[in-house]
A.B. asks: 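I have a structure I would like to understand better, so I am pasting it below and will then ask my questions one at a time.
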Amino acid sequence: MKLQLWRNATLLLNIDEVSILIDPMLGKKGSLGQFPMTDNELLNPLVDLPFTQDELIKKLETLDAVAITHLHPDHWDVAAIELIDKKTTILCPAIISDQIQKLGFQNVIVIEDHLLWNDIDISITEGQHGTGEIGDKMGTVNGFVFKKNNQSIYIVGDSIWYKGIEEEINTHQPQHIIVAGGAATFSIGDPIIMTSEDIIKVCEYAPQSKIWVTHLEAVSHFKEDRTFIQKKINEKGYENQCFIPKDGEEINFN
């Protein structure tokens with residue numbers, strides 16, 4: 001397995017010869033505009049993709065599938081809808097499948113629980129995108145576990161740390177766990193994705209897993225940057241278990 005962080009939650013996962021793009025936010029810097037309830041006027045995304053538009057098009061032409069956890073614009077934006085070929089296989093939970101099909105995508109594969117696709121076992125996981133009223137407004141979110149040949153990777157998706165993450169780890173025993181960090185918070189309510197404290201809890205609960213932190217420095221409601229989170233990881237002694245890839249960085253799990 002090989003993983004490349006493009007930006008935010010957008011990841012390219014290669015399993016043998018199969019390429020799966022996860023949660024594509026493909027628009028140029030600033031293309032999403034301001035996010036509501038952020039107490040700032042920053043335009044999202046805050047950074048460009050780590051390659052040119054021509055390189056992006058070439059990468060999209062080689063995809064075998066796109067996997068989507070939920071439909072918030074920093075995971076599935078207008079540019080992704082426009083640029084991804086409508087015949088591309090889309091892997092997604094049932095709750096968003098109709099909306100994706102209505103956009104013209106012709107090969108939407110719904111994952112109710114898990115399925116075997118291209119010799120890859122893919123499971124849907126649950127998440128909690130915040131607490132209280134804000135958590136309710138953020139709606140249902142999911143993640144994925146990909147398994148093949150005794151290798152496994154758990155894409156948590158947009159979730160805080162809660163009992164459900166423990167249960168998913170217990171069920172799937174993943175070798176690698178990809179979390180959304182940055183403590184994104186609106187002007188009201190608590191964080192809607194993992195804080196550095198949450199990330200440490202993942203490390204503590206899954207000592208046999210490697211933890212990878214994404215969703216950083218790309219959208220305007222983040223509160224913790226790479227430097228801050230790395231400091232917290234180091235203070236707790238998890239620098240050999242928990243890692244923070246840069247945009248564009250490739251990680252070889254083999």
A.B. asks: Quick one: does Gln128's side chain have a donor or acceptor within less than 3.5 Å of a partner on Gly164's backbone?
C.D. replies: no

A.B. asks: Measure the shortest side-chain to side-chain distance between Lys210 and Ile177 over non-hydrogen atoms and say whether it is less than 4.5 angstrom.
C.D. replies: no

A.B. asks: Do Ile244 and Ile233 make a side-chain contact, defined as non-hydrogen atoms from C-beta onward lying under 4.5 Å apart?
C.D. replies: yes

A.B. asks: Of the non-hydrogen atoms in Thr62 and Ser19, which two are nearest, and what is the gap between them?
C.D. replies: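 Distance-wise, the nearest heavy atoms are O-CB, 4.1 Å.
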
A.B. asks: First locate atom CZ of Phe105, then atom CG of Asp85, and finally report the distance between them rounded to the nearest 0.5 Å.
C.D. replies: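 Answer for the CZ-CG pair, Phe105 versus Asp85, is 8.5 Å.
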
A.B. asks: Quick check: are there more than 12 heavy atoms from other residues, nucleotides or ligands sitting under 6.0 Å from CD of Glu235?
C.D. replies: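 Enclosed: over 12 neighbouring heavy atoms sit under 6.0 Å from CD of Glu235.
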
A.B. asks: Hey, are the side chains of Pro191 and Lys223 touching, using non-hydrogen atoms and a 4.5 Å cut-off?
C.D. replies: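 Not in contact.
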
A.B. asks: Do Leu32 and Met25 have side-chain heavy atoms sitting under 4.5 Å apart?
C.D. replies: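 Leu32 reaches Met25 side chain to side chain.
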
A.B. asks: Starting from the C-alpha separation in whole Å, work towards a yes-or-no answer on salt bridge (charged side-chain N to carboxylate O under 4.0 Å, His left out) for Lys58 and Glu55.
C.D. replies: CA-CA 5 Å; Lys58 290 179 180 178; Glu55 290 171 327; over 6 Å; no

A.B. asks: Which residue in the set Tyr238, Trp212, Phe253 passes ring pair (Phe, Tyr, Trp, His ring centres under 6.0 Å) when paired with Phe243?
C.D. replies: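 It is Trp212, the one option of Tyr238, Trp212, Phe253 that forms the ring pair (Phe, Tyr, Trp, His ring centres under 6.0 Å) with Phe243.
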
A.B. asks: Measure the acute angle between the ring planes of His70 and His75, then classify it against the limits of 30° and 60° as parallel, tilted or perpendicular.
C.D. replies: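 Rings of His70 and His75: tilted, 30 to 60°.
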
A.B. asks: Is a side-chain donor-acceptor pair under 3.5 Å present for Glu166 with Asn170?
C.D. replies: no

A.B. asks: Quick one: does any side-chain atom of Asn252 pair with a main-chain N or O of Lys2 as donor and acceptor, under 3.5 Å?
C.D. replies: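 Checked: no pair found.
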
A.B. asks: Is Leu63 reachable from Ile20 through a run of hydrophobic residues whose side-chain heavy atoms are each under 4.5 Å from the next?
C.D. replies: no

A.B. asks: Check whether any side-chain heavy atom of Val145 lies under 4.5 Å from a side-chain heavy atom of Thr171, and answer yes or no.
C.D. replies: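 Counting from C-beta outward, Val145 and Thr171 never come under 4.5 Å.
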
A.B. asks: Please round to the nearest 0.5 Å and tell me the distance separating atom CG of Asn142 and atom OG of Ser123.
C.D. replies: 12.0 Å

A.B. asks: Side-chain contact test, heavy atoms from C-beta onward, threshold under 4.5 Å: evaluate it for Val156 versus Met194 and give yes or no.
C.D. replies: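 Yes, close enough: below the 4.5 Å cut-off.
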
A.B. asks: What distance separates Ile178 CD1 from Leu5 CG, expressed to the nearest 0.5 Å?
C.D. replies: 9.5 Å

A.B. asks: Flag yes if Leu71 and Ile81 sit in one hydrophobic cluster, no otherwise; membership is Ile, Leu, Val, Met, Phe, Trp, Tyr, and two members link when side-chain heavy atoms are under 4.5 Å apart.
C.D. replies: yes

A.B. asks: Would you call Leu13 and Ile22 a side-chain contact if the rule is heavy atoms closer than 4.5 Å?
C.D. replies: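 Yes, close enough: below the 4.5 Å cut-off.
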
A.B. asks: For His72 and Asp158, does a side-chain donor sit closer than 3.5 Å to a side-chain acceptor?
C.D. replies: no

A.B. asks: Please determine whether the number of non-hydrogen atoms from other residues, nucleotides or ligands lying under 6.0 Å from atom NZ of Lys236 exceeds 12.
C.D. replies: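 Counting other residues, nucleotides and ligands, NZ of Lys236 stays at 12 neighbours or fewer.
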
A.B. asks: Does some side-chain heavy atom of Asp23 sit less than 4.5 Å from a side-chain heavy atom of Leu11?
C.D. replies: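 The answer is no; the side chains never approach within 4.5 Å.
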
A.B. asks: Under a 4.5 Å side-chain heavy-atom rule over Ile, Leu, Val, Met, Phe, Trp and Tyr, are Leu115 and Val18 clustered together?
C.D. replies: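 Per the 4.5 Å side-chain linkage, Leu115 and Val18 are co-clustered.
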
A.B. asks: What distance do Gln106 atom CD and Ile100 atom CD1 have between them, rounded to the nearest 0.5 Å?
C.D. replies: 14.0 Å

A.B. asks: Surrounding CD of Gln175 (heavy atoms of other residues, nucleotides or ligands, distance under 6.0 Å), is the total greater than 12?
C.D. replies: yes

A.B. asks: Write down the atom of Gln173, the atom of Ser152, and the distance for their closest heavy-atom approach.
C.D. replies: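 That would be O-OG, 3.8 Å.
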
A.B. asks: Anything under 30° is parallel, anything over 60° is perpendicular, the rest tilted; go ahead and classify Tyr154 against His172.
C.D. replies: tilted

A.B. asks: Honestly curious: do Val141 and Trp76 fall in one hydrophobic cluster under the side-chain, below-4.5 Å linking rule?
C.D. replies: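 Different clusters: Val141 never reaches Trp76 through Ile, Leu, Val, Met, Phe, Trp or Tyr contacts under 4.5 Å.
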
A.B. asks: Between atom CG of Asp190 and atom OG1 of Thr131, what is the distance when rounded to the nearest 0.5 Å?
C.D. replies: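 Answer rounded to 0.5 Å: 4.0 Å.
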
A.B. asks: Determine whether the aromatic ring centres of Phe144 and Trp117 lie less than 6.0 Å apart.
C.D. replies: no

A.B. asks: Check whether the side chains of Asn44 and His221 place a donor and an acceptor atom closer than 3.5 Å, and report yes or no.
C.D. replies: no

A.B. asks: Can you name the nearest heavy-atom pair linking Pro174 to Ile169, along with the distance?
C.D. replies: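 Taking Pro174 first and Ile169 second, the nearest heavy atoms are CD-O, 3.8 Å.
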
A.B. asks: Treating Ile, Leu, Val, Met, Phe, Trp and Tyr as nodes and any side-chain heavy-atom pair under 4.5 angstrom as an edge, say whether Leu3 and Leu12 lie in one connected cluster.
C.D. replies: no

A.B. asks: Mind listing the closest non-hydrogen atom pair of Ala67 and Phe146 along with its distance?
C.D. replies: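 Taking Ala67 first and Phe146 second, the nearest heavy atoms are CB-CZ, 4.3 Å.
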
A.B. asks: Can you name the nearest heavy-atom pair linking Pro93 to Ile68, along with the distance?
C.D. replies: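 Nearest heavy atoms, Pro93 then Ile68: CD-O, 3.3 Å.
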
A.B. asks: Roughly how far, to the nearest 0.5 Å, is CG of Asp247 from OG1 of Thr214?
C.D. replies: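 Going from OG1 on Thr214 over to CG on Asp247, the span is 10.0 Å.
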
A.B. asks: Would you check if the side chain of Gln4 reaches a backbone N or O of Gly248 as a donor-acceptor pair within less than 3.5 Å?
C.D. replies: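 Pair found, side chain donor or acceptor close to backbone of Gly248.
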
A.B. asks: On a heavy-atom basis, which atom in Leu49 and which in Arg7 lie closest, and how many Å separate them?
C.D. replies: N-NH1, 3.4 Å

